[in-house]
Each structure stands twice: as structure tokens, then as C-alpha cells.
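Keep in mind that this is a model prediction, so the values were computed, not measured. Each chain gets a letter, A, B and so on, in the order the sequences are listed, and its residues count up from 1. These values consider heavy atoms only, across backbone and side chains, with no hydrogens, waters or symmetry-generated copies.
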Amino acid sequence: MYQPDVVEAKWQARWAERGTNEPDLDGAARPFYNLMMFPYPSAEGLHVGNMFAFTGSDVYGRFQRLRGHQVFEPIGFDAFGIHSENFAIKVGSHPARLIPANIANFRRQLQRMGGMFDWRHELSTTDPAYYKWTQWLFLKLLEAGKAYKKYAAVNWCPECKTVLANEQVINGFCERHPETRVEQRTLEQWFFRISDYADRLLADLDDPGRMDWSETTVTAQRNWIGRSEGAEIEFALDHNRDITVFTTRPDTLYGATFMVLAPEHPLVGEITTPAQHDAVHAYRAAAAAKDLISRRVGEREKSGVFTGAFAKNPANGRMIPVWVADYVLMEYGTGGIMAVPAHDERDLEFATRYGLPVVPVVDEGGMLIGSGEFSGMLADQGRSAIIRWLESSGTGKGVIQYRLHDWCISRQRYWGPPIPIIYCDEHGAVPVPEADLPVLLPDIEDFRPDDSGISPLARHEEWYYVPCPVCGTRARRETDVSDTFLDSAWYYLRYPSTDFDDRAFDAERTRRWCPVTTYIGGNEHAVLHLLYSRFIAMVLHELGLVTFDEPFARFRAHGLIVKDGAKMSKSRGNVVVPDQYLARWGADTFRMYLMFLGPFQEGGDFRDEGMSGPRRFLDKVWAMVGDCVREDMCGGEVRRELVVKWHQTVKRATEAIGALRYNSAIAACMELVNALREARCCDRQVVQDLIVMLAPFAPHFAEECWERLGHATTIFDELWPEWDEQFVVESRVEVAVQVNGRTRSTVIVGRDAGEDAVVAAALADAATQRFVAGKEVRKRIYVPNRLLNLVVG
RNA sequence: ACCCGGGUGGCGAAAUCGGUAGACGCAAGGGACUUAAAAUCCCUUGAGCUUCGGCUCGUGCGGGUUCGAGUCCCGCCCCGGGUACCA
């Protein structure tokens, strides 16, 4: 009788004892770094979605190990961040108290699922031994000129008395206070120059030799970076000033009938005429009061106000009015546009509302009209011709614009790594000397944010005031902490080197294990986390600290586990916790069930009705192993059809697992078991291969079976079975016989039988005869070993 | 609105090179074993018709290409996820 709880506990203990999952990090000849996205250790514990993702990644790691690699499969915890902090506030506790308990619970669950984790290298981003190096990384970027400070707009919730991330603002209201409108505040923040890398981040995506990534993820990154080719054009104002705009449609330059500046545009104040001053002032004040999100999302109706100023179109010399409107964003392009209502929907909407003229300059055939010397050209030609003209006349130039902004890493919060900077009246922003790292996050009870817009750390004077590292006079610490995305942008570098406390990552270890061989994670991180990690790797590469500049050689996005057709979330109340299933069915059955429910890269709907299927399957295999152990049941020659099935199964399972189609691999194994049972065969060699193929899915079960079969060492030191192509193809094949494309019969013929033989066999068949008798066969299509199609007239 | 996925039996799905649609599993029905139940084993299971040999229809909808389309092309509809006035 197979007892999962006993078997699983036994093997988990044995793996720990024997160091089964601990590769030789300094000597591995065929290193394989199998990485999964580390979890945020929530109070609720691991949910089914995490379990699905981790199991899928673990299956892959175990498979690669059986293929002869030394697999390093680490795990850790992404435990800093606003989520933990908000949760602590809600339950009246402290994140530093809650997180260890959450991590302990996660660790228990991860061990229970039987992951091939190397626990020697567990890490938590909240550990000073970790964030010391996150701070060090910040200093490296600062040193390299990749970090800078500037004023930027943030979302502010007056009720929470804190800054909110864009994701926490729902239609202009606070996520936690649906009655409270979010405001906009401008604060000075630290940024990383990721936009300097836009081109390289984009170029590598097009190089599959360097980056073997899920196509969906590549597309998401491409869209996020948002490269647009176009031109910057200068429209002259009076007094030697001009307005520069960005457009992707320089070919429509003659159709510009007005201009629009973003309300924050610095020129607005200067150019507004006295008559329009009050109206413009009021409009700008109203725009500033609106939060960032509702400006973009909530109120779609265009509004604006005339500045009273006019600017000159460099192409035709026409003076056109300059307006201010909040549909133009300061963050993109130059913060100002030339409006071409004839060829832009938004401009048209605005023109219609304010009665501005509309002048078409491209006809239905895509040809330029009313465009001076450029008339008659096709738009594409016109585009480059106009750019050339702009450049020669000094009124503009071709430029490339990106949607990607620099990365703001400042958070006016408590639960994160303090940014290692000290402000001195004399010396300005001074980096904390490396020897003084880490800047410890003080353990304070009063960590709640207030409405000052300044981090709670500023209230703790004993921490806040420090001597300036340069002159020793009283100076102040930076009170912002860094974004959690910075923690996770380099954690893969830390894993192999957690045993070094004098360096972030050891050069030799890193060379052996990085870049990560295969990274598996959710597509919700397709953009930010994966893009930030790539950026950090590029900077480290430039600094000569790593030998590679793309951190993840292969990335696969797993699917989403949904419940009742919708994403699992606390607010929907449909989150499924795996513990009850682990307790009832055991880890192996549960793993197998999760991997069988659909293609790993697509995910699926979680319903527990199917759980008994994989369990029954394991029971059957268990019984088969029992038969195999009793000598009298075994022996004799394995029938040819079974040999074929066996080799076919090895082939199918190997290819399916390689492609992450785990459900198909399991189905193939099930078919083999059905065939063996039907033939009452329990050939030892076949059964052993079967157990090895099941090992990635049901590791404890496989180990136990392996031991019962008389082996003393772990099954994971075995080698994955090979198949022999000559056995994969059956000696006799069934060929479909179609008449006019419809299958009417089948004939059994020898493999690779010639067309004439198959036609003869088909015509001899009564079922086929009924459809061809008395008719002329005008055409025959023969696909060897598959089908014969007779076209009759 | 845009960008990705996806739509196949009662259900999860398979068929990824245009070649026998529904493998594998769940659920359901029938039978065997059993005092009984559970477990296990065997059979049936896309729909409709049938003289039980088969026939017709069938992969979201409408067209098309092809000897042949779940698969390719054109035009839609629906579901899930992401992004949000990007000039």
C-alpha cells in the first residue's frame, strides 16, 4: 500500500541528510542554474498559483539533472515592500516581527512540496547581509553616473498619509480608501538612467541567440520600451523663443492648425498673454490638483485653454494658436505637440470642441496634398523628405523617442533598504562609504507614514543625524528607502554566493553559474522586474563586474491558475490554499495533478475533482513495481508492440518536458502504463525507465520505488532514458483511405509501403469499393504511413 | 481603444510540419467482486439517424485557399490578461 505521507517525510529527511540537492558550486562541470521567481512571503502563505509555478520550475530542474547536469535550484524571499508594511499597519504589528513568521511558514510549505531546493543558499532581501549589497549596488550605479536626483510627481493619499504606487490608485481613488481622492505632489527622488539603455534593451530582444525568451514576454518588453521614430520640430515664437514638439508624422507638418502644451510645460507661464493669464492660471491649478492617474484614465473628455500666443509653422510660415491642455503629457516627448486634427483622433476631438480649423494634407491614396514642394509625394517619402528639409533649414531633426522613463527608486516608506546617502550642508549628497555598509534599517515602533511627504525615518533623530563622511560635521541621512524592484533586480547574482560576506557575488562562482540557464516566472513581471534586471546586468557588465550583459539566457512565462474563470485574489475571495490538498493527497499527487491540468505555459482553472486521477495512476505504478520486485512475475521477452510503445513514450516524454508541455508527458506515461497492464508485463527495464520519467513530477514516489527496486543511491543520480528511433516507428501501420477527402476506411500495411501496394490494398477493401466502384480515379494523393486520398469524378 | 493569450465532448484537455478530431484524465451509466459499502477490475460514453453494415453533422461565427483545414488567408463575435490620451 502506497502511503504518501510516510514516503514523502522519509525522502525529504534523507535529501537533507545526504545533501542530495546541494550541487558542488565550485566544481560543477555541467552547471545548470534553474531559477524561479522568488515569492513575496505573505501572511496567507503560499497559494495554489505559487505552487503551480514552483512545481513547474522544479520539474524542469529535476529533468535537467536527470539529463546529466549539476542543477542549482535556489529559493528565497522578496520580503521588503509596501505590502508587508501595509499589512503590519492593518493588523497592528510590525513588519520586522511578521516577516520571519511568514517566511517560516513559506519554508515549511516549500519543503512540503518537495522542491529540489538548495537550502544552503536561501536568502531574504530583508536580511542586512543581503541589503548591504543592495545598497552597495546603488553606490556602484551612483559612481557610474547612472543614479541621479530630480523632482517628480507622485500620487499622495491624504487618508493613508503616504505616497502610492500607480498600481494602488484605482480611477483616481485610493485602493484602500475608496472615498478618498488621490492628490499629486512633487517630491525630489532618486532615479536610475534606464532610458539610456533603451536601444540596447530593445536590440537584444531581437537576438534569439542571446535571449531565448517567451515571445509574449519579448513583445511586452518591446511595447513597454515603446520606440517611436519621428522628428523634433521647432515652431518660432516671438523674442527668439521657440516651442519644440515631437511628432511621428512629420509628413503632416502642413496640416498643423494649432499647438498644445502640457499644463506643466515651463513655457506656458512665459508666453501667456495678460488677457489669458487668469484663465490659464486657473486651468493649470486645476490640472495640478488632479492626481496622475485620473488625468490619464478617468476623465477622457478633452479640455484646454488658449494662451493668447501664436507660433510659426516653419514649413508654411502660418501663425497658429498655442493652447494648454492636459491631454498632452509633460513626461512624453517634449511636453508639447503640433496638433494635426485632420490626421489625429485626439487633436480632432479637441479641435471640434473648441472650433479650431481642420486641414487635410494626406489624401485617400496616401499622397501628400497642400504641402508645398512635398505635395504629390507618398506619405513615407514625404516623411523623410520633410526631415531632410528640417535638418537643412535648421528648424528640426529626425529623432527617436521612447516611452520608457527613467526608473524612480525612491520610496517615502519604512520597510526597505535605506538609500545610502548622507546630506551635508557643506558637501551635498555624500555616498555612505562602503566600509560603513549596511546602513541598517532601525528597528522602530513608530514606522507609520505621516502627511509630511517625508519618510518616517526622518522622525528618528538618533538615526537621522550622522557625521558627514567627508568633514565630520553634523549631517542628515537620506530618509527614503529603495524600491523592492531593486532588491529583486540582482538576487540571482547573490544566490550562488550567499556564503561570502565580503562581496556581493564571487567572480568565480558567478562565472560558473551565470547567466541563469533557465528562468521561469509569471508574465506579471514581464516588464518591470525583467527589464530592471536586464538594465542592472548591463551596468554591472560595463563596470567590469560581470562577464555577461543579459542575465537570463532562457526565460519562460508560466500560465495563470484561475478559479472559476477569474484570477485568484483576496478581494474576489477565491484564493485556494494548497495545504489541505497536500495533507489529503500528498505532494506527489498534488504536483502531478497541477502539471496535468493543462499546458504549463497556459495555466488553467483550478478544480479539485480531477485529483483522484493522478493518485490512481501512482497506485497502479506502485503495484507494478511490487510485481516487478517479485521475480516470478517478471521475465520473458517484451512483445514488439510494447517495445515500440516504450520507446515512443521516452521520445514523447522527453520532447514534451523539454517544451514544458508537462501534461502531454504525463499522458504519455499513462499510456505506457495502460499498455503494460493490458499485456500483463512488468519488465524491469521498462518499469525502471518509467520511474525515472516520473521522477521530476513525483520525486518522493520515484525515490521510494527506486529503493524498492533494489537501488541504494538517489534516483536523481540516474540518467534519463534514451530512445532508439528504429523502435519508435511501428513495423505495420494503419493508413487512412479517403475518397474525395473523406475518410472511408483504413488498411494495415507494412511500414513505408509503396503507393501502388497501398492503392491495391485500398481498392480490395469493400468499404472503399462502395465509393469508387464504377468511377474513374482521377488523382491519388499518398502520404506514406498516414493516408491515401482517391479523387474520383 | 490598443497589445498579447485563448475559444475543440458533460468537464480538464490532445492533435503545433495542412493528413484518420477527441489521445490521456475526470465525471456519468452498465456489469463483475462483496452480506454491504469503499477500493479494484471489465464495458459504454461528441450529436443525430440507422435495416446495427453503416450514414450525416461536428473544433466560437461568416467567407476563402486546398484532393484534404482545429491547423493557412480575409472579415467578425466572445472570454482571460496586460497597457492606458505616447503625439
Side-chain angles (χ1 to χ4, degrees), chain A residues 166 214-220 222-224 226-228 230 245-249 252 260 293 295-297 299-302 325-329 331-340 343-347 349-350 401-405 522-524 526-527 557 559-560 562 565-567 592-593 596-599 601-614 616-617 619-620 623 652 656 659 661 663-671 673-674 677 734-746 766-767 770 778-783 785-792:
Chain A
N166 285 356
S214 289
E215 197 49 45
T216 53
T217 313
V218 168
T219 308
R222 216 176 262 137
N223 293 342
W224 185 267
R227 183 180 196 272
S228 301
V245 301
F246 172 74
T247 177
T248 53
R249 295 290 307 275
T252 62
V260 185
I293 296 290
R295 225 182 97 186
R296 287 183 195 152
V297 180
E299 291 139 40
R300 288 240 98 132
E301 200 172 325
K302 302 269 180 297
D326 65 5
Y327 82 93
V328 172
L329 309 173
E331 307 90 77
Y332 186 77
T334 63
I337 62 159
M338 65 175 202
V340 185
H343 305 290
D344 183 282
E345 247 178 75
R346 294 154 301 175
D347 296 344
E349 201 188 312
F350 192 82
Q401 204 37 256
Y402 297 93
R403 183 184 175 280
L404 180 69
H405 298 335
N523 235 347
E524 68 273 20
V527 182
L560 199 65
V562 299
K567 190 175 165 176
M592 200 155 226
Y593 163 74
F596 189 56
L597 106 185
Q601 288 175 93
E602 282 170 35
D605 208 329
F606 184 87
R607 50 187 67 234
D608 46 16
E609 291 106 69
M611 203 86 66
S612 54
R616 281 203 274 256
F617 171 67
D619 283 340
K620 286 176 196 169
R652 280 175 64 194
R661 295 199 318 271
N663 54 335
S664 295
I666 294 171
C669 292
M670 287 173 165
E671 279 187 50
V673 168
N674 291 347
R677 281 163 57 86
E734 192 187 29
V735 172
V737 178
Q738 299 185 335
V739 178
N740 290 344
R742 311 203 44 159
T743 305
R744 295 302 181 183
S745 180
T746 59
R770 292 217 317 274
R778 291 194 314 204
K779 192 172 173 186
R780 328 191 293 210
I781 292 103
Y782 177 57
V783 183
N785 303 321
R786 288 214 150 245
L787 115 177
L788 171 72
N789 186 10
L790 301 171
V791 183
V792 301

Would you indicate which nucleotide in [options] comes nearest to any side-chain atom of [X]?
X      : options                : answer
A/R403 : B/rC3, B/rC86, B/rU20  : B/rC86
A/N674 : B/rC85, B/rA13, B/rG25 : B/rG25
A/R786 : B/rA14, B/rG19, B/rU83 : B/rG19
A/T247 : B/rA13, B/rA87, B/rG5  : B/rA87
A/T219 : B/rC85, B/rC24, B/rC3  : B/rC3

Starting at atom CG of A/D344, determine the distance to atom P of B/rC2, rounded to an integer number of angstrom.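 To the nearest whole Å, that distance equals 15 Å.
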
Would you mind reading off the distance between A/R661 atom CZ and B/rC24 atom C1', rounded to a whole angstrom?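 Checked: the CZ to C1' distance equals 14 Å.
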
What's [X] touching, base or sugar-phosphate or nothing? Going by heavy atoms closer than 4.0 Å.
X      : result
A/V791 : sugar-phosphate
A/I337 : base
A/T746 : base
A/R677 : sugar-phosphate

Where do N or O atoms of nucleotides 27-33 of chain B meet protein N or O atoms at under 3.5 Å, pair by pair?
unit_1: B/rA27; atom_1: OP2; unit_2: A/R616; atom_2: NH2; d: 3.0

Within 45° cone of A/Y327 ring axis and under 6.0 Å: A/K302 NZ or CZ: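 Cation-pi check for A/K302 and A/Y327: passes.
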
Under 4.0 Å protein heavy-atom contacts per nucleotide of nucleotides 53-58 of chain B, with B for base, S for backbone only and - for none: -SSSS-

